[in-house]
Protein chains: 2
Amino acid sequence: MARTQGSHSDITGPRIREAALRLFARQGYAAVSMRQIAAEVGVQAGALYNYIPDKQSLLFGLMKGHLDELLAARAAVVPADNAVDRLEEFTRFHIRFHHDRPDAVFIAYMELRNLTPENFARIESLRRQYENELEDILRQGVTEGVFDVPDTKVATMALIAMLTGVNTWFREGGRLSLPEVETIYWTMVRKSVAR
Amino acid sequence: MARTQGSHSDITGPRIREAALRLFARQGYAAVSMRQIAAEVGVQAGALYNYIPDKQSLLFGLMKGHLDELLAARAAVVPADNAVDRLEEFTRFHIRFHHDRPDAVFIAYMELRNLTPENFARIESLRRQYENELEDILRQGVTEGVFDVPDTKVATMALIAMLTGVNTWFREGGRLSLPEVETIYWTMVRKSVAR
DNA sequence: GTCTATAAGTGGATAGAC
DNA sequence: GTCTATCCACTTATAGAC
């Protein structure tokens, strides 16, 4: 990956972010050095500081980018008119979206404690926006009389944790395909909130 | 916490483990220095090496101790004779046990990547033993005809993730008591596997 | 069993040359 | 925009005094 001198402003920035994402996910933020990120990109450590003010901003940028992308993807969805269909769409979306970016998901959950308090608050606010859509779906279902949920806030946390857990065990090429896994989880989600 | 010289072999060992558990959970293994642990205990960094060979062994010992305790607690339970009661007992046990030791649970999930491959394999084997009991309960329920589960392996991972998630949001003194939370989760678990 | 001192190396971040 | 060189604080772990 070693390069000789030269200017590459338009490609080095994204490459720094990609390298940091991969390394932070595999080794953890605290265990990764700026020199290691630079080596992956093919520059010297000093060059990183043309793109980021410090290591903390690099971490925050990765987490914020991930959550912005998540919320943008939700904003692009046209909601079904009934709660059951909305919940199925949300379930399958969550599994697929998180499956497609395991490194970003891992970092967004594991490195929260390495954020400054201000950055932590901003990330948590974005995450809460996402969770609120699921709670909204559950409340709609209760109002429609198609769901029976003891507590919509608790059910939201329970379902999000269940769905995100797919990333901890699912591997491509195993016994089940991702659409099969989606269907199994949807069955369990549907029944858990059924009347 | 500063102390003057003296011998304290019988108390320093446990105090090192307690301090490391707390600090690793709050800041992460890689971000905590041996000096920091020593300062919490009230000794100099060099004294730690009378109790542990190195930092890695300290981490592994904490995780192994946690999982040994978990499996010992399960071994002490007399199983009910029907799958529904067994599953309710497992659900409430999991929530309570994990609630009682949030730092150990956090470390056991978050610091797996900081284990050497050999240590990682030993920890994963212990965790699988615990998960196997839940899958066994689900299979028993299917055999008895009281559960309808699309895939017992996937359902096991889904339910464990859901139950462990309680630790990420539940705080004592909030809107709900822990027994109330247990009951809400048991309702969702029961329905998700119901026939 | 704990201390002090130290070895040998790595950390994030900056300065100035090109 | 990237390089080399550097600052200095900090890292894990060990040696030997007490």
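Here is the naming used below: chain letters follow the sequence lines, and residue numbers restart at 1 for every chain.
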note: B:Ile52, atom CD1; D:dA13, atom C1'; distance rounded to Å ~ 10 Å
With the side chain of A:Ala47 defined as its heavy atoms from C-beta on, choose the nearest nucleotide among D:dC3, C:dG1, C:dG12.
-> D:dC3
Between D:dC10 (P) and B:Gln27 (CD): distance, integer Å | 14 Å
C:dT2 phosphate, OP1 or OP2: any side-chain N/O from B:Gln44 under 4.0 angstrom?
-> no
Roughly, in whole Å, what's the span from CZ in A:Arg35 to C1' in D:dA5?
-> 11 Å
Any side-chain N or O of B:Ser33 under 4.0 Å from OP1/OP2 of D:dT11?
-> yes
A:Asp54, nearest nucleotide to its side chain (from D:dT2, C:dA13, C:dC3) = C:dA13
Report the nucleotide, chosen from C:dG1, C:dG12, C:dC3, that has the shortest atom-to-atom distance to any side-chain atom of B:Val43.
-> C:dC3
In whole angstrom, give the distance that lies between atom CZ of B:Arg15 and atom C1' of C:dG1.
-> 15 Å
Side-chain N or O of A:Thr12 closer than 4.0 Å to phosphate OP1/OP2 of D:dT2 | yes
Residue mapping more 5' on DNA chain C - nearest nucleotide basis, A:Gly46 or A:Gln36 | A:Gln36
Parallel, tilted or perpendicular: rings of B:His66 and B:His98 (30°, 60°) = perpendicular
Side-chain N or O of B:Tyr49 closer than 4.0 Å to phosphate OP1/OP2 of C:dG1 = no
In whole angstrom, give the distance that lies between atom CD1 of B:Ile11 and atom P of C:dT2.
-> 8 Å
Within 45° cone of B:Tyr109 ring axis and under 6.0 Å: B:Arg127 NZ or CZ | yes
Distance, rounded to the nearest Å, where A:Leu48 contributes CG and C:dG12 contributes C1' = 11 Å
Is it possible for you to check whether B:Arg74 lies under 6.0 Å from the centre of the six-membered ring of B:Phe93, through NZ or CZ, and within 45° of that ring's axis?
-> yes
May I have the distance from B:Leu23 (atom CG) to D:dT11 (atom P), rounded to whole angstrom?
-> 12 Å
Nucleotide nearest A:Lys55 (side chain, heavy atoms from C-beta), chosen from D:dG1, C:dG1, C:dG12 = C:dG12
Angle class for the B:Phe170/B:His99 ring planes (parallel below 30°, perpendicular above 60°, tilted otherwise)?
-> perpendicular
Determine, for B:Glu18 against B:Arg22, whether the closest basic-nitrogen to carboxylate-oxygen distance falls under 4.0 angstrom.
-> no
Please state how far atom CD1 in B:Ile16 lies from atom C1' in C:dG1, giving the value in whole angstrom units.
-> 11 Å
